[in-house]
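To start, the structure under review is shown below, and the notes come after it.
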Amino acid sequence: MKVEDFVDVLGSDFYTGVPDSQLKALCDYLMNRYGIHKNHHIIAANEGNCTALAAGYHLATGKIPVVYMQNSGEGNIINPAASLLHDKVYAIPMIFVIGWRGEPGIKDEPQHIFQGEITLKLLNDMDISYFVVGKDSTKEQLIEAMTEFNPLLKKGKNVAFVIRKDALSYKTPPQYANENNIMREEIIRHIVQTARTDSIISTTGKASRELFEIRESRGEGHQYDFLTVGSMGHSSSIALGAALNQPAKKIWCIDGDGAVLMHMGALALIGTNQPKNLVHILINNSAHETVGGMPTVAGQIDFVTIAKGCGYPKAVRVSSLDELDRELNAAKTGNELTMIEVLCSIGARKDLGRPTTTAKENKKGFMEYLRK
C-alpha cells in the first residue's frame with residue numbers, strides 16, 4: 001500500500017513518534033512532507049513521551065493525533081495509555097501506528113520474537129482496538145476500519161493500525177546526512193584497541209553489530225562484550241550495574257544519541273553514583289540511523305554540559321580520531337567516571353552482518369569473563 005493512501009485515510013495533520021524500520025515509508029514521507037515541524041511532525045525521545053505530547057496536542061486543538069512506533073515501544077506507552085488516555089480517566093483519543101517486528105511466523109532477530117508474540121495481546125489488554133495492515137491491504141479496507149474506529153475515537157478511546165513487514169511503500173525517500181567525518185565503525189574500532197581486554201557494553205542496533213564484526217576481524221572472542229540487542233536506552237544502566245558490582249574492573253559503555261535521549265534520566269543516576277571504573281562513550285550522529293537515518297534532537301543539545309550537571313566529573317566532546325585516541329587513553333589510565341561524546345557521520349557498510357552467536361551465549365560468555 002502506498003503510504004500516501006494510508007496517511008489520507010488516517011486524516012490527521014499531527015504525527016509524533018519514534019522511528020522504526022518497519023515504518024520507514026511513513027517516516028520518510030513525513031520527513032519529506034513536514035520535516036520536523038512543531039505543528040505537524042515531531043520525533044520524540046521515547047514512546048511515552050510521544051503519547052503525552054500527542055495528548056497535549058489533543059487538549060489544545062480537539063483533533064486526533066497519530067503516534068507511531070515499533071512494537072517494542074508498547075511497553076513505554078502502557079502507563080500513559082492506562083492512566084492518562086483511557087476513557088475511565090481523561091478519555092483522550094489517538095491513533096497508534098505500530099510496526100510489527102517479530103510477527104509469529106516471520107523470521108526476525110531474537111530481541112523481537114517475544115515482543116512480536118505479545119503485540120496484539122498488549123493492545124487488547126490496554127483496551128485498544130486494532131486493524132492489521134499487510135501488503136495486500138487495500139485503501140477501501142482501511143477506510144472501512146476507520147469507519148469502525150471513528151465512533152470509538154469520539155468516545156475518547158484509542159485505536160491502532162499494526163503494520164506488517166513491507167506493508168507500506170514510498171518511492172522518494174529523503175537522504176539523511178550530517179557534517180561529521182568519522183564513521184561509527186571506525187570509532188568502535190579505536191575503542192576496542194584501547195579497551196583491549198576490558199569489558200564493553202554496547203547499545204542497541206548497528207553499534208553492537210559493528211562491535212561483533214570488529215571482534216571477528218581481529219580474531220578475538222566475544223566474551224569481552226555484552227551486546228544490548230534490544231531494550232533501547234538501557235545499555236548505560238546495565239553498564240552502571242556492572243561497574244558498581246565489579247569496581248576493580250574497567251567497564252566501557254558504547255552508547256548512541258537516540259538511546260541516551262530515550263531514557264536520559266539514567267545520566268543522573270550514573271552521575272550520582274559516580275563509578276570511577278565506568279567510561280561512557282556517546283556516539284552522536286544526531287540520527288536514528290539503525291532504522292533509517294531519521295533525525296534526533298541530539299545535534300541541538302549539549303551532552304557535555306548535561307553530563308557534568310548530572311555529576312560526571314569529566315565529560316568531553318571530540319570530533320576527530322586523534323582527539324578520540326587522546327581521550328580514550330586518558331580514560332583507560334584514569335580513575336574517574338568519564339563521558340566522551342564523539343561526533344559521528346551517518347552511514348554504515350552495506351554488508352554489515354549480525355551476531356552469529358545467540359543472546360544467551362553472549363550473556364554466558366560475558367558473565368563468565370566479567371566474574372573471573
Mind listing the closest non-hydrogen atom pair of P80 and G48 along with its distance? CG-CA, 4.2 Å

Between S83 and V89, which heavy-atom pair has the shortest distance, and what is it? O-CG1, 3.3 Å

L321 and L211: same hydrophobic cluster, using ILVMFWY side-chain contacts below 4.5 Å? yes

Out of curiosity, does V342 fall in the hydrophobic cluster containing V192 (side-chain heavy atoms, cut-off under 4.5 Å, transitive links)? yes

Parallel under 30°, tilted from 30 to 60°, perpendicular over 60°: which one fits the rings of F131 and F161? perpendicular

Separation of D325 CG from S320 OG (nearest 0.5 Å): 8.5 Å

Under a 3.5 Å threshold, yes or no: a donor from one side chain and an acceptor from the other, between D28 and Y176? yes

What distance separates I340 CD1 from I254 CD1, expressed to the nearest 0.5 Å? 11.0 Å

Will you find, in the side chains of D257 and T296, an N or O donor that is under 3.5 Å from an N or O acceptor? yes

Considering all heavy atoms of both residues, which atom of A266 and which atom of S236 are nearest to each other, and what is their separation? CB-OG, 3.7 Å

Are W100 and M69 connected in a single hydrophobic cluster, I mean Ile/Leu/Val/Met/Phe/Trp/Tyr linked by side-chain heavy atoms less than 4.5 Å apart? yes

In terms of relative ring orientation, are Y57 and F14 parallel, tilted or perpendicular, with 30° and 60° separating the classes? parallel

Gap between atom CZ of R184 and atom CD1 of I191 - 0.5 Å precision: 11.0 Å

State whether a side-chain donor-acceptor pair under 3.5 Å links N71 with Q115. no

Approximate separation, where rounding is to 0.5 Å, of E185 CD and C344 SG: 10.5 Å

Same cluster (ILVMFWY, side-chain, under 4.5 Å), L352 and I214: no

How long is the span from the CD1 atom in I200 to the OH atom in Y224, to the nearest 0.5 Å? 10.5 Å

P65 versus S12, closest heavy-atom pair with distance: CA-OG, 3.9 Å

As an exercise, state the distance from CD of Q111 to OG of S231, rounded to the nearest 0.5 Å. 10.5 Å

Check: R101/S21 side-chain N/O donor and acceptor closer than 3.5 Å: yes

Listing, residues 141-152 side-chain donor-acceptor contacts under 3.5 Å, not counting sequence neighbours, or none:
{"unit_1": "Q141", "atom_1": "OE1", "unit_2": "T138", "atom_2": "N", "d": "2.9"}
{"unit_1": "T147", "atom_1": "OG1", "unit_2": "I143", "atom_2": "O", "d": "2.8"}
{"unit_1": "N150", "atom_1": "ND2", "unit_2": "M146", "atom_2": "O", "d": "3.1"}

